[in-house]
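Worksheet for the structure shown next.
Letters A, B, ... are given to chains in the order of the sequence lines, protein chains preceding strands, and every chain is numbered from 1. This is a predicted model, so every value here is computed, not measured.
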Amino acid sequence: MELNYGPEYDDFRAEVRHFCETEGKKTKSGALRMGENRPSQAAIDWQGQLIEAGYTARTIPKEYGGYGGTADIVKSLIIQEEFVASGTRSGIQNQGISMLVPTLLEVGTEEQKLKYIKPTINGEMIWAQGYSEPGSGSDLASLKTKGVVEGDNFVINGQKIWTSSAQYADMCFILVRTEPEAPKHHGISYLLMDMKTTGIDIKPLVTMTGDAFFNEMFISDVKVPVTSIVGQRGEGWRVANVTLKYERGMIGNPGMSAMGIRGVADLMEEETISGIRAMDMPVYRDRLLKLQGRSLANKYHGLRLLSNEINKEGMGVEGLIVKLSATYLSHEIYSLAVDVMGEFGTLYDGSAYQRQKDWMRQYLGSFMGIIGGGTSQIQKNVISERGLGLPREPLVKLDQNGWELIKK
Amino acid sequence: MELNYGPEYDDFRAEVRHFCETEGKKTKSGALRMGENRPSQAAIDWQGQLIEAGYTARTIPKEYGGYGGTADIVKSLIIQEEFVASGTRSGIQNQGISMLVPTLLEVGTEEQKLKYIKPTINGEMIWAQGYSEPGSGSDLASLKTKGVVEGDNFVINGQKIWTSSAQYADMCFILVRTEPEAPKHHGISYLLMDMKTTGIDIKPLVTMTGDAFFNEMFISDVKVPVTSIVGQRGEGWRVANVTLKYERGMIGNPGMSAMGIRGVADLMEEETISGIRAMDMPVYRDRLLKLQGRSLANKYHGLRLLSNEINKEGMGVEGLIVKLSATYLSHEIYSLAVDVMGEFGTLYDGSAYQRQKDWMRQYLGSFMGIIGGGTSQIQKNVISERGLGLPREPLVKLDQNGWELIKK
Amino acid sequence: MRFGLSEEQTMLSDMLNKYLVANLPLDVVRASSEQTLHHNQEIWSGLLDQGIHSILIPEDYGGAGLSMLHSEVVSETLGKHIVPVSYLSNAVLSPLAILYAGSESQKEQLLPELASGSTSFGIALTDVVANRENTKLEINGNKVSGSATFIMAGENADKLILAAPGTLLIVDTKAAGVTMERLNTVDKTRDFSAVTLKDAPCELLGEIGSADDAIEKLLNAARISIAADSLGAADAMFNQALAYSRERFQFDRPIGSFQSIKHILAEMITDLEPCRSLLWYAAYAYDEVEDEAKLVACHAKAHISEMAKHVGRATTELHGGMGFTDLLGLHFWFKRIEVNRQLLGGPELQRHNAAVAQGWAPNAITAA
Amino acid sequence: MRFGLSEEQTMLSDMLNKYLVANLPLDVVRASSEQTLHHNQEIWSGLLDQGIHSILIPEDYGGAGLSMLHSEVVSETLGKHIVPVSYLSNAVLSPLAILYAGSESQKEQLLPELASGSTSFGIALTDVVANRENTKLEINGNKVSGSATFIMAGENADKLILAAPGTLLIVDTKAAGVTMERLNTVDKTRDFSAVTLKDAPCELLGEIGSADDAIEKLLNAARISIAADSLGAADAMFNQALAYSRERFQFDRPIGSFQSIKHILAEMITDLEPCRSLLWYAAYAYDEVEDEAKLVACHAKAHISEMAKHVGRATTELHGGMGFTDLLGLHFWFKRIEVNRQLLGGPELQRHNAAVAQGWAPNAITAA
């Protein structure tokens, strides 16, 4: 057990800390709700400073607009820790940066890299994600949006859902069925679609929180140049999985739950019920402690995964369980907060008497964590099949004629 | 809502109560652990008195040794209530009486009825159940014990498990594969096997409680007359399901959990932890109350099922859920008792300082309820398929060659 | 012996159901939810025509004089359809408050008005159950000052019934010194508000300090009615989950053919079905078995709150992303269950009260 | 940076595992379980040869002077193999009690004896954690009277370490006035007893009332070690469940191909795997992060007790009837986990202590 990163990193940490204390102080952390808007000019300017200093887009080659550093997870962690600790405004986070850019770096053409990466990491080019369809959620590979080659273009028709940022995005990375005759995983292509093309209709998708971060996207005869494909025709599923890998990494951060526990504890020390502090009620307190136990286990488990990565040790089932555990834990933490507040926990949208934090919104929002990026049922399939090596579900089909085996 | 049974039953209740207060006082309730021994002579004598009074074997025709009354669930309930309330020794309860006799009444030959029912209900003839095999538990219909006709006999070879009472039983109702070529549900016969026949070897099966109520039964070339079959050859599965129906009725009695709650509450009022009563510790108390809530729901649900039966109203999914809910509830109740006692809850077998009730034994024993008569997974299949009408599992087979569909 | 609803009660439920299916599709609920005041006057009038407002009012005062079980049936049906009007305040708690605590002349005057729907009442009990804002009501003769929170259906009411420990009183919403403030909860099918009173005229229901028993009975009525509303809502969610599991195909099969989904549905119905029996008995005991009334009412509220929450969560999850959107509107039921859970005391508080009812806990909230 | 075991610790675990696989098949455990005294002298001697008894004893006193994380690795491995000897009493708590509370001459005399295994110790801490039999120890000079319960490994020990609030003392099991009584628990891989003392000669560890800190540290060491034992046992159960789900065929398929069984196994590993990380950190904090030591130790004991119980129950169920029999012997692990759960305070008490450690609860057991 060696929990220090070693002296070579102490210097780096000092450098980052200095940056936060000097440059960081000059900018203001914008209270931007997820996906609500394009980055402000201030955010874009700050992003430029961060890239120059190597505190974001760190490992992206210089020729594509990045800092050009070598991959070093400890440095990334130190940057994150120091930014959080000092309350320094972080860089722009969006799907273009977290998902498309790594994908292009891995499978894009040189031309695509040169064209798209720089404006994306600068925060000037915003990307929507065009994956899910109303009929294709857990079974994403069954997607039906069609792309037919006519001359130099794919002509696209279909409907997408959960298209976040679509209302203001410049571009969309989209999955389209281009080879209808091929088996479902082999008939999909990964295209880059300009959102200003005629035929794209965006409708906001209101969720249970009342917000509309997501959209439905209706696509009629939209023309996308055949050169806009990433990877080969029919290989879009493989390309998409490169991206999904990066998405999964974003969910289930164990630091979240520690913050949640701290927040509920503060709440319980303030909230009184007929004069008695909630913290002095053993039944609530025991619930808090139970959740803290799991939160700590997940926290140290996160350190173990980090350690595995730093020391280049293989990772088995340990890495696959994180999302399942962390998302339910968050849900339970917010649920406790609401219970502690009783009726006052149901107040919403800045109503009178509402408690400081928007706990109910977080409670509802936590379903997004549980469901997004693969429901719990899908997670458990992945854990048991990929993690524990248990048999895959039979590939069967059920219709009026009963069960049929699709594939041995 | 009408919770009285009506005046005609008041007289009956008075009659039963009088019997309990006069005759009942004369006999002593034996503290017989389940399946440990054959009934004593006193128990057999008492059984005779009960049959004569119509308080057991009530609906079994006179010609087979019963009381010959008509079926009346309310009277049965009144008998049970009054016996329990007055602490009167109940009649003999064993598998012969609860499972074999109803089966014979439904599908036995006249000869079988005349021969077996009377001594069985009298408590003189004890039956073992020969269903489960080491390789056939949830999938009971896959049983492999073979019966081959040679002359006037089936010659039986195989192994059974969970054969309760086998160590002292006179007879065994046993399932045997007699038509190996038929589909698995159609190749089984239901036979009545004399336990004194040569070739039967009984080995006690010790369970996690340390008791050996059950046995393994090894069967080598055992001869059973072909006339000992109940129903037709190959129809044993159907016959067995008559019996299983009666077995299911025995598990999940909601009265059990109310007694458990009362017992734990008494315990919590006595047990002190560094001078503080467990009942005054809100975390334990809240657990008790949670369980009591479920217990009450199950109790009134039981009344509703009873009402449906009395009023001949159809029963859907409501009846299928009882076992799943009740068995877990018992497990949780005993688990709380052990937790309340701490280290002292782990004491066993009359050890010093052990608390009055044998809570740990009940806790361990509660697994028998959860697992016996169909595991929870099987229960949930039944509830969802038979109760909710969801699709049955595909009939598939998995081996080295992968998945194969057995039957559409 | 019959444990269950009478034919009349079943008919009441069917009638109401039919009316709501015809007149309250989800779009109407959604439209109400988008108004500042969620109360839907048209549905309110329709329900008045169905006569459900007078169920608990004795015949002598112009009501139908029916049982709590009748009322339970109504509450459950209203919860099932997430109805945007307050039956609880106008047809359960306010008439019972007047009946239990009011003088004969108050009963004669007010109960017929409630039965006919000509006067509407909001009612606030939250602050005597678990006071979180240190509110107080100070009564000086026929004036009252102070404040109260979480009034149900107060904003569109003519009068408010307010509770101080041991005392119930009525104020007119339009009287001088009465200031109402809207409280927006996450459940946009019902209205809540707070009130500030400055020397506002008030009318006591009975004497000062005489309403302890009345308040206790009101709380039991509230526990049963809220639990019924949640059970109705949970039942509606379960049915949507079951239907969706049959309709929704993924991987070439209905998702309800996956064993994991089947088992989730099996667990839901196993949790849910006995709740109905518990609730029936709680309503029956309210009228017929005084000794058990509080114990069973507390347990019904606590247990059904927990089970309904499970069902709400599982149903939302089972619908995947769709469960999280407004497209299917599942969240209306989810939020109704959430608010019901907290209303007049969450499960922890209810279980504590159930313990008190059995002598297992001292009568203090400390141990909640 | 490395969060996890060192190469040396992994080797220690492998070595011990290898020894136990070779020398402690289930039949040997079963045979020990059938003796009155469950302690297995042969395994005890074998473990002495492996040197694990001296891990926590400083080199100055003849030990190996290794860390709590080394000891955790050992405890986990012993739990995995449900070893019928008491490492906890002889190699963790007794040496640490002497180290923390004893005088220099006591350390010099007793620690080498423990390191070499020439003297064996039972230890009783239960009555100072949660006293259930109103036991007391009255000390008069070098005599002690009273009683103590739940002594670990006392029956075959030469000496006992007993705890009164603030004070630790040693008595000789064979001394006049010492009467031992066997306590049979459901776990037949370990021995427990009670003792009655009548003017029995005793030796104080340090001064009267000076051992508060030592007892607190001992309890943390016990929490970590017991949690490790449970984690090892739960891990063994999980592996048996996983293997059984592959081997056992029903309905023409391995039961591990049914989605319901797959998901149960997925839930088990999701619960279990982070426990190991928590435990590693708890052991690390014991030696290196004094501020966090108690909090993490309490949480490790509480959380791992709960997770191990889930795994024990799910594994038993997954084996169907077989899980309930003695044939596979699964129950040995199940019972070990059950006893560990209760030993020196169940999860409720541990969580209460974790709350106290953060100033979230007053230091009284009332609020447990």
Side-chain angles (χ1 to χ4, degrees), chain A residues 132 134-139 142 161-162 205-210 214 216 271-276 280-284 287 331 335 338-339 341-354 360-361 363-364 367-368 370-372 375-377 380-381 393 395-399 403 406, chain C residues 126-127 129-134 149-150 181-188 192 194 248-255 257-258 260-261 264 309 313 316-327 330-332 334-335 338-339 341-349 351-352 364-368:
Chain A
S132 298
S136 302
S138 293
D139 184 12
S142 71
I161 196 171
W162 300 111
L205 182 67
V206 179
T207 66
M208 72 192 292
T209 62
F214 301 100
E216 296 179 277
E271 185 74 12
T272 59
I273 298 147
S274 301
I276 300 149
D280 293 331
M281 295 183 164
V283 176
Y284 291 129
R287 267 178 75 183
H331 188 75
S335 170
V338 171
D339 278 356
M341 291 182 283
E343 287 96 334
F344 292 80
T346 69
L347 295 170
Y348 209 63
D349 275 339
S351 185
Y353 299 105
Q354 191 173 352
M360 177 54 85
R361 187 178 295 275
Y363 173 55
L364 298 176
F367 273 113
M368 205 157 48
I370 293 175
I371 294 167
T375 64
S376 301
Q377 276 60 54
K380 290 181 194 171
N381 275 356
E393 294 297 295
L395 283 172
V396 287
K397 175 175 158 179
L398 181 63
D399 55 24
W403 290 104
I406 299 180
Chain C
T126 292
D127 295 352
V129 170
N131 199 320
R132 286 160 184 275
E133 292 287 335
N134 296 317
T149 66
F150 265 90
E181 183 182 15
R182 182 163 186 78
L183 296 181
N184 291 310
T185 76
V186 73
D187 172 14
K188 302 200 184 304
F192 296 95
R248 172 80 173 172
F249 274 67
Q250 289 285 277
F251 305 103
D252 296 304
R253 9 184 328 192
I255 61 168
S257 72
F258 283 100
S260 65
I261 302 289
I264 288 170
K309 188 183 171 82
R313 170 170 142 175
T316 304
E317 274 193 61
L318 187 144
H319 280 76
M322 274 298 148
F324 190 65
T325 68
D326 183 55
L327 294 172
L330 263 187
H331 65 95
F332 284 110
F334 184 90
K335 292 166 180 170
E338 256 334 294
V339 170
R341 177 182 174 90
Q342 308 304 341
L343 211 50
L344 298 176
E348 282 84 3
L349 265 60
R351 286 193 291 267
H352 177 73
I365 216 168
T366 7

As an exercise: rank [options] by heavy-atom pairs under 4.5 Å with chain A and give me the winner.
{"options": "D127(C), T325(C), N184(C)", "result": "N184(C)"}
{"options": "G345(C), G346(C), G321(C)", "result": "G321(C)"}
{"options": "R313(C), K188(C), R351(C)", "result": "R313(C)"}
{"options": "P347(C), S260(C), G323(C), S257(C)", "result": "S257(C)"}
{"options": "D326(C), N134(C), T185(C)", "result": "T185(C)"}

Exercise. Does the side-chain contact (heavy atoms from CB on, under 4.5 Å) test come out yes or no for E348(C) and M281(A), once each step is laid out?
Worked result: CA-CA 10 Å; E348(C) 282 84 3; M281(A) 295 183 164; over 6 Å; no
For this session: Give, as side chain, backbone, both or neither, the part of I406(A) having an atom under 4.5 angstrom from any heavy atom of chain C.
Result: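 The side chain, not the backbone.
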Can you give me the closest heavy-atom contact between [X] and [Y], atom names plus distance?
{"X": "T346(A)", "Y": "F150(C)", "answer": "OG1-CZ, 4.1 Å"}
{"X": "L347(A)", "Y": "L183(C)", "answer": "CD2-CB, 3.9 Å"}
{"X": "T149(C)", "Y": "F344(A)", "answer": "OG1-CZ, 3.5 Å"}

Say you draw a straight line from [atom1] of [X] to [atom2] of [Y]; how long is it, rounded to the nearest 0.5 Å?
{"X": "L395(A)", "Y": "F251(C)", "atom1": "CG", "atom2": "CZ", "value": "9.5 Å"}
{"X": "Q250(C)", "Y": "T375(A)", "atom1": "CD", "atom2": "OG1", "value": "9.5 Å"}
{"X": "I255(C)", "Y": "D139(A)", "atom1": "CD1", "atom2": "CG", "value": "11.5 Å"}
{"X": "M360(A)", "Y": "E338(C)", "atom1": "CE", "atom2": "CD", "value": "5.0 Å"}
{"X": "L205(A)", "Y": "M322(C)", "atom1": "CG", "atom2": "CE", "value": "7.0 Å"}

For this session: Evaluate the side-chain hydrogen bond (donor to acceptor under 3.5 Å, both in side chains) criterion for residues E343(A) and T126(C): first the C-alpha distance (whole Å), next the side-chain angles of each, then the deciding distance (0.1 Å), finally the verdict.
Result: CA-CA 8 Å; E343(A) 287 96 334; T126(C) 292; 3.2 Å; yes
Do the side chains of [Y] and [X] get nearer than 4.5 Å, heavy atoms only?
{"X": "S335(A)", "Y": "K309(C)", "result": "yes"}
{"X": "R341(C)", "Y": "V338(A)", "result": "no"}
{"X": "F258(C)", "Y": "Q377(A)", "result": "no"}

Please rank [options] by heavy-atom pairs under 4.5 Å with chain C and give me the top one.
{"options": "I371(A), I161(A), D399(A)", "answer": "I371(A)"}
{"options": "P134(A), S142(A), S138(A), A352(A)", "answer": "S138(A)"}
{"options": "Q354(A), E393(A), H331(A)", "answer": "H331(A)"}
{"options": "V206(A), D339(A), T272(A)", "answer": "D339(A)"}

Exercise. When you look at Y348(A) and D187(C), which way does the side-chain contact (heavy atoms from CB on, under 4.5 Å) test go after all the steps?
Worked result: CA-CA 9 Å; Y348(A) 209 63; D187(C) 172 14; over 6 Å; no
Using modelled atom types only, decide if a donor and an acceptor are shared between the side chain of [X] and the backbone of [Y] within a distance under 3.5 Å.
{"X": "R132(C)", "Y": "M341(A)", "result": "yes"}
{"X": "S274(A)", "Y": "N131(C)", "result": "yes"}
{"X": "E317(C)", "Y": "I370(A)", "result": "no"}

For this session: Apply ring-ring contact (aromatic ring centres under 6.0 Å, His included) to F334(C) and F367(A), showing your working.
Result: CA-CA 12 Å; F334(C) 184 90; F367(A) 273 113; 5.3 Å; yes
Problem set entry | Contacting moiety of I261(C), where chain A heavy atoms sit under 4.5 Å | side chain
